[in-house]
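Here is the structure we will look at, set down as structure tokens.
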Amino acid sequence: MTVSLDNGPVVAMPAWKRWMRSPYARHTGFLVGAGITVLFVFVALIGPFIAPYDPLATDLQNVLQPPGGEHLLGTDRYGRDIASRLLWGAQASLFVALAVGSLSLLFGVILGTLAGFVGGWTDRIMLAVINILLAFPGFLLALAFVAIRGSTLTNVILAVTLAYTPRVAIVMRAVVLNIRPRQFIEASFAVGVSTPTMIWKHVLPNCLPPVIVVATVSAAFAILAEAGLSFLGLGVQPPAPTWGNVITDGRPFLISDPWISISAGACIAVVVTGLNLLGDGVRDTLDPFLRNQTGARALK
Amino acid sequence: MQDGGAVPNTADGNPSASTASGSRLSVRGLTVQFAMPMGIVRAVDNVSLDIAQGETVGVVGESGSGKSVTFLSVMGMVRQPGRIVAGSVELDGRDLSQLDREELRGIRGRDISMVFQDPQTSLNPVFPIGKQIVDVFRAHLPISKDEARRRALEVLDLVHIPEAKNRFDSFPHEFSGGMRQRVLIAMALALRPRFIIADEPTTALDVTMQAQILELLHELKQEINIGLVLITHDLGVVARSADRVIVMYGGKIVEQGDVRTIFYEPRHPYTVSLMRSMPRIDMVRGERLHSIGGSPPSLSGLPAGCAFHPRCFLGAERPKCRTETPELHDAGRGGHRSACHYANELELVSTDAPKVGEVVARAGAQTTGEALLEVRDLRMHYPAASFQVPWNRKVVKAVDGVSFSVREGETLGIVGESGCGKSTLGRCLIRLIEPTSGSIAFRGSEISHLGVRDMRALRTDIQMVFQDPYASLDPRMTVESILREPFEAHGQADARTTHKIKELMAHVGLNPEHIERRPHEFSGGQRQRIGIARALALKPKLIILDEPVSALDVSVQAQIINLLKDLQAEFKLTYLFIAHDLSVVRHICDRVMVMYLGRIIEAGDRDTLFADPRHPYTKVLLSAVPLPDPDKERARAHVVVPGSVPSPINPPRGCHFHPRCPSAAALAGSMPADELEQLADGGVLPKPCVNAYPDIGAEADGHVQACHFVGVDNQNTGTRGR
Amino acid sequence: MIRSTLLCRGLLRLKLPAAALALGAIVSLAPAIELARAYAEENDVLRIRIGSDVISFDPHRPSTIENTSVAVHVYDGLFGYDLTDMSIEPRLAESHSVSEDGLVYTIKLREGVMFHGGYGEMTAHDVKFSFERVMDPEAPSPWAKEFDGMTIDVEDDHTVVLTLARPNANFLHSLSSRNQALILSRKAIEEMGEDWITNPIGTGAYEFSAWRPGDRVVLAANDDYFRGRPAIDRLELVLIPEETSAEIALLNREIDVFFALQGPEIIERLEANAEINVSQRPALISCHLVLNTTVPPLDNVLVRRAMAHAVNRESLVENFFRGTKVLTSTPLTPEYVEYTDDVPQYPYDPDKARELLAEAGFADGFDFRYITVALSPYDQFPVVVSDDLSRVGIRVDLTVMERATYGAARASGTLPSATTCPSNSPNPDTLLRALVHSDGFPPGVNTARYAGADALLDAARAKQDPDKRSKLYHEAQRQIMADVPTIPLYADRLFTATHSGVEGVMTSAAFWVDAYGATVNR
Amino acid sequence: MLRYAIGRLLLVIPTIFGMVVLAFFMLRALPGDPATAILGEFATPQALERLRSSLRLDEPLLSQFYHYVTGMMTGDWGRSALTRKPAMAEVMSVVMPSMALAFASIFVAIVIGIPVGVLSAVKQGTGIDYLLVALTIIGISFPVFWLGLITIVVFAHTIPLFPAVGAGAPGSLLSQTHALVLPAIVLGSGGAAYIARLTRSSMLEVMNQDYILVARAMGISESRILFVYAMRSALPAILSVIGVTFAVSIGNAILVEVVFARPGLGSLIIKATFSRDYQLLQAGLLMLAVSVVLVNFVIDLLYPIIDPRLRR
């Protein structure tokens, strides 16, 4: 039982005004998430330039300094400046998040579109493979991949991409299956539009927003997964400054010098929260069907 | 009957003197606002009305008129962001708006209950229907489960659920739409409330189902003394059932009065226009329908003064209408009130367009053109589920051996209830769906086997307009890109395309300056115009119109129908018009085919077919459509058929219609036993009906039908008249 | 269908109360700490933390300190070390005699020593079987070289004669090790086949009872142990890889003994705790940056010396390890009798390092792949070392490999560097032969591919006279440090923290824990 | 119902076979020679050769696969290369603590997640709702191992309520349950957040359904509408997220097991990965994946019980 309140034509308005009146501008979560994400990207980009110390330079005269003083967030057991390591680490995290987000988006969209649009046996086989991949917990899949290929940044990215592509693909497939029978697709076929044009001009643009949400979520998870792999000794290898490595470095000092792990963990938590809020905000403003689709499946 | 009727009438000043004693529901100065992002929206504006127990009040209005919100407020069920900001709702003098939540809950379902539009979604799918009715009893009465069950069975019997005992534990999905609506009515009736608010109770149903439900409501009203509010956009339904009528527009009541007064002596231009713009099944109103310009206003941007003035045939230029909001005032006998400054001027205006405009005789020449499209034995079967075991394949025979031809320049209508295969047929013809077998010849050349490329080329000749103007346009594209698409798809896009697009827009009545706008910036009617422009872009010969007006408000519907007619004349178009609304079909089509379960059961010239329907199903269909004319409607005979359209997965043997056919049942009584077939459910029917699908015959006048016993008149089943 | 409906209704009805109940249960579990303490305070059990999981109970196979810590309780050898002073004492042997030429060892076995689980008396046949198993030419034990072509003859059930191929002054060390020298039951292995490996049968103070991978090994006291039944009924070696967790577990009395404690901060904290005793002993382990002498530019001795000067080992030991490790000048540790300081020294001197590099033709430094393994602390101190190296212009690419990859890569012998910390017996020959003798590769850990001290080491081994032998070892150490095939970074110390009521837990300088003599008094 | 169950089961079998194939071929791509990894750097070439042939590493991949699959059919999952114990037995010896953790965490997730989600939905738009929504987002944004580390410090050290490590003493159910509390809460917190989020959104969606409106119009009490009408209809969506949560938990359990030094499939898989123990790794991976498939199968079976439309 809806009250239809807006039947009449809407008067055109400038872009900024439209933005101000869009649901995004009123969604607190979205604004906070976008704010954190923008800040994160900014810090990651300029981090290496504003870092006060070399993130790799050890200084055994000044190990385990508490926060404050010369070292804003203190030093670790090698006397390395935590703040500098975190600033550099932001870059690695951004890179992982960005790469995983865009790669899983790219592959997921291709696979999902194929499965959803071609249908038939292509769909069945791809769906079966996707389901098998989905049955392996994502982190397990990433772990196995890194174990096989070795612990480098590239491999961590590929591993997490491998783990999250099926999730993007399955959402993409669902969205395509939802879009495909819509009348405007039929209508374009009826005027003689060819299939590739159809996918490019109608299917993709309409499917992308919810899938981008999933990709945002997988970017967030990529940061978590990278940290998890580092923790197990399978991530980007030390002494590279990544947030996961900083947590692991601080682990023996959790009782005496907890700031090391806590500051790195907090960085991860804040950025991941930001990405999740951003994804949520976009999802909340999408149409309800897509909200459900992305809700249940993408959270793995 | 533990409560209800016994309460004495405490209200005074009954505006409609026609009804007798009983409770009274009074709404005074009700104003409901919604806090929306774009600002405060007043959905209901100072509405006052009275409903007495025992009367049926029809509430009519287009989408956004505030009719539903008014009655949700009455029930105390307006939710955030909506809020009642002024006014009162009194039930026998008790102000419901002052009650707390628990007291209000006690009123709902017990004193006032509600029936909603969509029976598919109104029952909780995870509980058996019996439990849902039992819950209603137990929410209000301290009775045992068994007692509640006994009473629930009683109400189920009351609404004619067959074998209620056995179906008590069935789930909603095991019932047809009509049956579910009965269950919902049973729920609403369970505690014998004094008032039932039925919000579009038949809109989601097929006409034969609608007839059943209207019949049921009528019957119940006679048995139980309830005040029934019938919210609807369908004037036919009102004409058939209501005692009084309230017409709403832009959140206000614009006219109210006795049903005959409203239909025959309306005193508000909106009511007049509404009456005129409705196509009628019983007559042809001439070439053009009266249409109201523009579209129903958005509640967020109501015009100043009289909300209707921009669309009014009287007031558009009158300053008073633009500045002064008219209040309801007496406009005639029996509580007839109108909110028009110039209500008196309407005394001489009649609702029947033919008397106003001129009756244009139809030019029969158009129907004798060459056959443009020849369809022979077309079939479209598809598997009923995606995964099936090979030894038990179930097939949906959506289109099952259909042959017909479309002549150049004519409009061929295809009608039928949902599930009859008419839309599938339309899509098969331009091969949006690949038919399973059969031939389709366009201008004599076979197109059912054309390759993708040739078929795309053919789409310059055959085009389609879709039902849902909201879904059929890509929300992300501008009008320009939507209309450019056909040109690009066929390599015809060039420097002049933008100019052509603007021309097209002008042709279909859109402002060419809006070329950069996106679909959501247009109203429903305007969007349908975009859809039509897209179909026209390549100058096709044949346009398949798939329910092009069924999603539109009545006033807009008329505009689009007129537009389609104009375009047909201008571009020498041939139409294949698919619809479920027989009135529209009667208005626009030259020839009509009736489909039932994938087959054509009757086809013929429009006037012949409507005047002299031969197949029992056609007769049933025609009689089920309510006429927007109280006297005629109540005087005529209604054939109500039992059951609903069977599943096309397993259609009945023999004539698909035989299980519901009133003629066959009646015939059986007068036939010798050896010509009858015993049925599983104990009934007997003539053997041919059960055993053989009747061939569609051919007659000289082109009027064909598929019934074994045509001409045997049997309208004595389920007939009622007033 | 009806049944399933009923079932589901039942389920749904149960759901809420069940959830509430369970929530209550969880909440009420919190005060259950007292109960938990109760089970931790059984007197008959001693829980010892180990840092990584036991892999195998076959003592003859590659071992870890955890494997050895299990093996010392389950098995015994002919001889063994007295852990107080690391002197050799007879165990399963009653007495022994050595021929004049030092080639024939006649050993009289103790009588009446029974294997666990009813596998009978330990005899000379078991000794022969065990030692031949070590020397199996098909699948030799990594320690097969310790026996070096020895022949074994059973004279009678309780006498065995071992004949060496060449004199070996360190042979009694070889018979005291807790790897190749442990005696297995021939009968048990022959009867159980492959299953033997997870059901070890020995003659030790404790019998194997259970192993839950990833959790713990449980041993039960051997009532018939020939040195007397141990005081504690049950021994649990509990796996807690992470030291902070182990510290908490120790404080919570989830464990009684924190074995192989590394973290300097944790050591400091536990030392400050009155309830905890922290014992330490020098260990026979030294840690090395092994430089591959066959790979340019490391084949240039000047470069290697420059690197040795570049590493600030004092700071590493003092500031990074906070004095929990000690400096060593040679691959041997100061614990060895044969150790000497009189070798070429490489004090921290970055300028000298740069000079040497310039002299070698690498004034602009060079690219160096520093390879280490992802095991604490071997993935940690290299960070400091590589930073030191980079300060003299060496462009260090620190590669941390996970264990299996590292093992395989190191076995290839082509890595430019390696981080190697051989754990060893008190036999200096074992360490030096493995690390810097050409016997040590392939297979082995002499990934420096260094052979410069072969002659000296072989000569030392053959010398029976302890003084002369020591001199030869001193000579060898000088030679090695002149050539610097490895940079000895530090010598390890072994820290063990125990609850104050726990007495008699011994640790070996060769890094294992022995709880035979332990008592618990809570 | 039976047909539905059989149909689901028929889908489970190829899925598991697919996993076997995937696990096999993926793991054969591991670099490093398992034989070297097992025998160490001291092994002679002959010994390596012998071990390789006993592990069938010298045979063509397809032949290895054939023996692997046929072995599996007959219950022979090979032996752990490292311990020579049957891989199946080794996996089985740690299945209990692993599954205990997984199910306990799901339990925690459900017990916390559903009430939070319902509360949040009921209070939609209020401060409580915003707070809970924020908490659920933060809840899925913490690295689980980090949460575990902090939890250990706080609840085993600062306030020593729970054991820091391990799965409790073998044989003592009390001590095992006690040791399960912290890891289950840590592992379950993320799941609780997911479940709360989904419960909230599906409750909100269900509350917008026409049949809820009808129930209101019939005067059914709000609590009954909420807990009977809406809850029951929201359950299928909640169930499906429980299935997803289980899979996530199984993955994160690896980290939690390492943090809490618990025996389990996670620790086993890590160990097997580091030691190139193919047979063990395969067995462990498959056991986890199969448990995910089976849990989802059980959930699939629950759907028709909750939603009568699926009973056919």
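Every chain is numbered from 1, with letters handed out A, B, ... down the list of sequences.
Proximity to chain A (any heavy atom under 4.5 Å) is restricted, for D:Phe145, to the side chain, taken from C-beta onward. Contacts between A:Ala227 and chain D at a heavy-atom distance below 4.5 Å involve backbone atoms as well as side-chain atoms. Contacts between A:Ile247 and chain D at a heavy-atom distance below 4.5 Å involve the side chain alone, from C-beta outward. Both the backbone and the side chain of D:Ile138 come within contact range of chain A, with heavy atoms under 4.5 Å apart. When heavy atoms are compared at a cutoff of 4.5 Å, D:Val259 approaches chain A by way of both its backbone and its side chain.
Using modelled atom types, no side-chain atom of A:Asn131 and backbone atom of D:Thr15 make a donor-acceptor pair closer than 3.5 Å. A:Ser218 contributes a side-chain N or O that, together with a main-chain N or O of A:Ala215, makes up a donor-acceptor pair within less than 3.5 Å. Side-chain atoms of D:Asn296 come within 3.5 Å of backbone atoms of D:Val292 as a donor-acceptor pair (strictly under, hydrogens ignored).
Of all the listed residues (D:Val153, D:Leu255, D:Leu22, D:Ile270), the one sharing the greatest number of non-hydrogen pairs under 4.5 Å with chain A is D:Leu255. Per-residue counts of heavy-atom pairs under 4.5 Å with chain D were compared for A:Phe139, A:Phe231, A:Phe145; the largest is that of A:Phe231. For chain D, the option among A:Ser261, A:Gly274, A:Gly138 with the highest count of heavy-atom pairs below 4.5 Å is A:Ser261. In terms of heavy-atom pairs under 4.5 Å with chain D, the best-connected choice from A:Ile262, A:Leu143, A:Leu277, A:Ile268 is A:Ile262. Considering only heavy-atom pairs separated by less than 4.5 Å from chain A, the leading option among D:Ile269, D:Val258, D:Ile137, D:Asn252 is D:Ile137. Interface summary for chain D: among A:Val271, A:Leu140, A:Leu141, A:Thr248, the most heavy-atom pairs under 4.5 angstrom belong to A:Leu140.
Between D:Tyr194 and A:Phe221, the ring-plane angle classifies as parallel under the 30° and 60° cut-offs. Between A:Phe40 and A:Trp243, the angle of the ring planes lies from 30° to 60°, which puts this pair in the tilted group.
The residue from A:Ile130, A:Thr165, A:Val214, A:Leu133 that alone fulfils the side-chain contact (heavy atoms from CB on, under 4.5 Å) condition with A:Ile170 is A:Ile130. Checked against D:Phe260 for a side-chain contact (heavy atoms from CB on, under 4.5 Å), the options D:Ile152, D:Val165, D:Leu101, D:Leu187 give a single hit: D:Ile152.
Atoms CD1 and CD1, from D:Ile306 and D:Ile238 in turn, are 9.0 Å apart once rounded to the nearest 0.5 Å.
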